[in-house]
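Along the sequence shown, residues are numbered consecutively beginning with 1.
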Amino acid sequence: MDSFSSTNVVLKKQVKGESSVISREDVAVKRIRTEEEQEIANRKPSLIWKGTGGWTAASILLANQCLATLAFFGVGVNLVLFLTRVLGQSNADAANNVSKWTGTVYLCSLVGAFLSDSYWGRYLTCAIFQLIFVSLAFGYGGHQPSIATFGADQFDESKPKERNSKAAFFCYFYFALNFGSLFSNTLLVYFEDHGRWTLGFLLSLGSAVIALVSFLFGAPGYKYVKPCGNPLPRVAQVFVAAARKWDVIPVKADELYELEGPESAIKGSRKIFHSEEFEFLDKAATMTEDDLSHQKNPWRLCTITQVEEAKCVLKMLPVWLCTIIYSVVFTQMASLFVEQGDVMNSNIGKFHLPAASMSAFDICSVLVCTGIYRQILVPLVGRLSGNPKGLTELQRMGIGLVIGMLAMLAAGATEIERLKNVIEGHKVSSLSIFWQIPQYVLVGASEVFMYIGQLEFFNGQAPDGIKSFGSSLCMASISLGNYASSMLVNMVMKITTKGDKPGWIPDDLNTGHMDRFYFLIAVLTAFDFVIYLFCAKWYKPINIDDSQGIEMEKQEDDVLAKV
């Protein structure tokens with residue numbers, strides 16, 4: 001969009017103030033391009049084409065994700081039983097501590113995303129946090145959003161031919177995550193359940209080391225994207241500039257301020273077209289007479305792209321907040337589901353099935369449902385709806401919420417049956433642990449729709465300058481979901497233990513009512529789903545200028561046609 005290509009010459013005086021709102025054509029003859037704009041106009045593309053990228057590089061990253069996940073869940077999936085059996089913690093305390101530990105790990109995703117987008121870039125951030133992960137689990141959280149975004153970087157989104165590959169990558173990324181979990185939730189859990197905790201933890205360490213080495217090994221073939229600078233000042237500048245012009249009426253969209261040429265004011269970011277939401281922020285891109293003497297001051301005048309970046313963050317937040325309750329559902333699988341299975345009949349002949357290994361049914365559900373979705377549902381729905389992706393990301397996330405609610409209802413029903421089959425004087429119920437299969441399968445199916453949808457949505461809707469931040473929102477949702485689960489358990493126990501009552505989640509689950517806790521989460525999820533529907537209907541997607549990438553692809557096709 002040309003900076004001064006307005007055909008209307010307007011000079012508007014404010015009723016409430018004396019500052020004049022000037023159209024871009026009014027100042028075209030007065031204004032000389034600044035050195036900053038000249039630098040931006042001449043700036044080279046942000047991609048460093050050190051390698052070919054594509055599926056070869058992406059496959060290495062998928063293997064890395066598989067190994068890193070095996071290492072993380074090799075510790076995390078059985079942690080609740082380690083706390084109860086080895087450290088002697090109560091069921092409620094162990095569930096809370098696992099939630100806090102997991103929440104803190106995933107909260108580190110915001111730190112990793114910030115460093116990746118601002119200073120270090122995806123590759124260096126992944127390498128450093130994987131090195132930290134070898135000794136501290138917190139490195140896993142910082143590594144996750146960067147590895148997902150780095151994998152997506154191997155495909156050029158501005159080229160329609162590679163856009164579908166990028167969408168497929170997120171499905172395979174979550175597939176790889178669960179494939180790694182399958183080994184940790186079966187083999188490693190078996191060792192740990194039989195008291196061989198040291199061996200299980202050493203195998204997790206070995207997997208983390210191999211993941212780091214494999215990641216570094218693929219360095220020559222990766223595509224790299226330069227970091228776009230600290231986004232916090234950019235977003236703050238929009239709000240400060242808009243506040244300074246609180247009495248200014250925003251001009252029309254085609255008269256808002258933008259730089260000349262294909263490059264935007266944000267280093268390495270494509271331009272973003274104007275949107276109608278949060279119009280009060282358009283004041284930051286409305287040029288006044290006062291701005292002529294402060295042409296290099298972004299705290300007074302921002303470009304349309306910079307304003308839209310701030311708008312994108314505001315628009316994504318309501319959708320993101322609605323995903324936190326789903327993460328409360330998801331976190332029960334690593335805490336209360338395991339405690340519930342630990343007091344059920346888990347013997348198959350002489351073989352004792354570890355309660356934590358039941359999550360293998362969740363993983364198998366994810367693997368199967370991912371294949372069904374990619375190979376059957378996407379083509380079928382695509383033909384019916386005309387959308388090559390099948391269902392939109394927002395539709396998938398909504399379906400994930402509904403299936404997650406059904407999983408909680410199934411868990412509650414299982415707990416009712418478990419209590420009916422309690423043998424007096426025995427801790428373990430006679431009800432088979434395989435009654436838990438429906439709740440695990442439903443959680444797995446919900447993950448395919450919710451978490452893959454989240455990864456695609458937040459990465460796709462985030463502007464170029466904050467791509468890792470977009471991916472980190474999925475991890476941050478899991479983090480806050482764990483904290484919310486811990487808070488919910490504390491509230492429920494405080495209320496239900498009054499009057500010398502054992503409460504819903506006591507040390508002896510046979511005297512409690514964990515089924516009511518599951519049903520409470522189901523009700524909260526249903527309420528959250530209603531709010532989500534309004535947020536999803538209100539949301540308008542980002543509109544990025546892809547003209548440069550499409551033109552480059554046409555030129556490449558012309559060259560190949562001549563060869």
Side-chain angles (χ1 to χ4, degrees), residues 65-87 89 91 93-109 112 129-130 132-145 147 174 176-193 196-209 211 327-342 354-363 366 440 443-444 447 451 474-486 489:
Q65 172 66 6
C66 179
L67 290 167
T69 304
L70 191 157
F72 177 73
F73 284 102
V75 175
V77 72
N78 224 17
L79 185 59
V80 68
L81 294 186
F82 179 81
L83 296 178
T84 54
R85 293 180 182 178
V86 180
L87 300 185
Q89 295 184 3
N91 286 324
D93 287 341
N96 280 339
N97 288 331
V98 169
S99 295
K100 292 174 184 177
W101 178 79
T102 307
T104 304
V105 168
Y106 282 110
L107 196 62
C108 291
S109 65
F129 274 98
Q130 282 197 73
I132 296 172
F133 178 48
V134 171
S135 56
L136 292 173
F138 300 127
Y140 182 79
H143 157 263
Q144 279 293 91
I147 197 71
Y174 205 73
L177 185 153
N178 281 274
F179 193 73
S181 299
L182 182 62
F183 287 93
S184 62
N185 291 16
T186 52
L187 181 63
L188 298 189
V189 161
Y190 178 80
F191 291 138
E192 293 166 359
D193 192 64
R196 303 171 71 180
W197 297 96
T198 303
L199 176 61
F201 293 159
L202 285 176
L203 290 173
S204 295
L205 173 63
S207 181
V209 172
S327 294
V328 174
V329 172
F330 177 74
T331 195
Q332 304 313 312
M333 195 166 53
S335 54
L336 293 186
F337 279 19
V338 179
E339 292 182 355
Q340 182 186 43
D342 197 43
S357 66
M358 286 297 293
S359 57
F361 288 100
D362 161 76
I363 298 167
V366 170
Y440 277 106
V443 170
E447 290 177 57
Y451 283 139
C474 180
M475 319 303 168
S477 170
I478 299 176
S479 172
L480 294 186
N482 276 272
Y483 286 125
S485 176
S486 177
V489 169

Measuring centre to centre across the rings, with the benzene-like ring taken for any Trp, is F129 within less than 6.0 Å of F138?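 No, they do not, as the ring centres are separated by 6.0 Å or more.
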
Centroid-to-centroid, W101 to F72, below 6.0 Å?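 Between F72 and W101, which both carry aromatic rings, the centre distance is below 6.0 Å.
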
Could you give me the CA-CA distance, side-chain angles and deciding distance for V189 and S357, then say whether side chain to side chain contact (heavy atoms under 4.5 Å, CB included) is met? CA-CA 6 Å; V189 161; S357 66; 4.1 Å; yes

Show the numbers, then the answer: is there a side chain to side chain contact (heavy atoms under 4.5 Å, CB included) between Y483 and T104? CA-CA 9 Å; Y483 286 125; T104 304; 2.7 Å; yes

At their closest point, which heavy atom of [X] faces which heavy atom of [Y], and how far apart are they?
{"X": "L188", "Y": "S204", "result": "CD1-OG, 3.6 Å"}
{"X": "L67", "Y": "A211", "result": "CB-CB, 3.7 Å"}
{"X": "S109", "Y": "A476", "result": "OG-N, 3.7 Å"}
{"X": "A94", "Y": "E339", "result": "CB-OE2, 4.0 Å"}
{"X": "A484", "Y": "V328", "result": "CB-CG2, 3.8 Å"}
{"X": "Y440", "Y": "V338", "result": "OH-N, 4.2 Å"}

Rounded at 0.5 Å granularity, tell me how far [atom1] in [X] sits from [atom2] in [Y].
{"X": "S184", "Y": "F73", "atom1": "OG", "atom2": "CZ", "result": "7.0 Å"}
{"X": "I363", "Y": "N178", "atom1": "CD1", "atom2": "CG", "result": "6.0 Å"}
{"X": "D342", "Y": "T84", "atom1": "CG", "atom2": "OG1", "result": "6.5 Å"}
{"X": "L480", "Y": "L107", "atom1": "CG", "atom2": "CG", "result": "7.0 Å"}
{"X": "S207", "Y": "L202", "atom1": "OG", "atom2": "CG", "result": "12.5 Å"}
{"X": "M358", "Y": "M333", "atom1": "CE", "atom2": "CE", "result": "12.0 Å"}

If you count every heavy atom of other residues, nucleotides or ligands that lies below 6.0 Å from F179 atom CZ, does the total exceed 12?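 Counting other residues, nucleotides and ligands, CZ of F179 stays at 12 neighbours or fewer.
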
Checking the side chain of T102 only, and the main-chain atoms of S99 only, is there a donor and an acceptor separated by less than 3.5 Å?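 Pair absent, no side-chain N/O of T102 close to backbone of S99.
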
Determine yes or no for a side-chain-to-main-chain donor-acceptor pair under 3.5 angstrom, with S479 supplying the side chain and G103 the backbone.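 The answer is yes, because a donor-acceptor pair under 3.5 Å joins these two groups.
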
Would you please say whether a donor-acceptor pair under 3.5 Å links the side chains of S486 and N96?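 Checked: S486/N96 side chains pair up, N/O donor to acceptor below 3.5 Å.
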
Checking side-chain polar atoms at under 3.5 Å, does S181 have a donor or acceptor matched by the opposite partner on T69?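 Checked: S181/T69 side chains show no N/O donor-acceptor pair below 3.5 Å.
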
Intermediate values then yes/no, side chain to side chain donor-acceptor pair (under 3.5 Å), T331 and S485: CA-CA 7 Å; T331 195; S485 176; 5.1 Å; no

Just wondering, do [Y] and [X] contact through their side chains at under 4.5 Å, heavy atoms?
{"X": "L177", "Y": "Q144", "result": "yes"}
{"X": "V105", "Y": "M475", "result": "no"}
{"X": "I478", "Y": "Y451", "result": "yes"}
{"X": "E447", "Y": "Y174", "result": "yes"}

Checking side chain to side chain contact (heavy atoms under 4.5 Å, CB included) for the pair Y140/Y106: CA distance, chi angles, key distance, verdict? CA-CA 8 Å; Y140 182 79; Y106 282 110; 3.9 Å; yes

Determine the interplanar angle of the F201 and F82 rings, folded into 0 to 90°, and report it as parallel if under 30°, tilted if 30 to 60°, perpendicular if over 60°.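 Ring orientation of F201 relative to F82: perpendicular.
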
Flag the pair D93 and K100 as a salt bridge only when some basic side-chain nitrogen lies within less than 4.0 angstrom of an acidic carboxylate oxygen.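 K100 and D93: not salt-bridged.
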
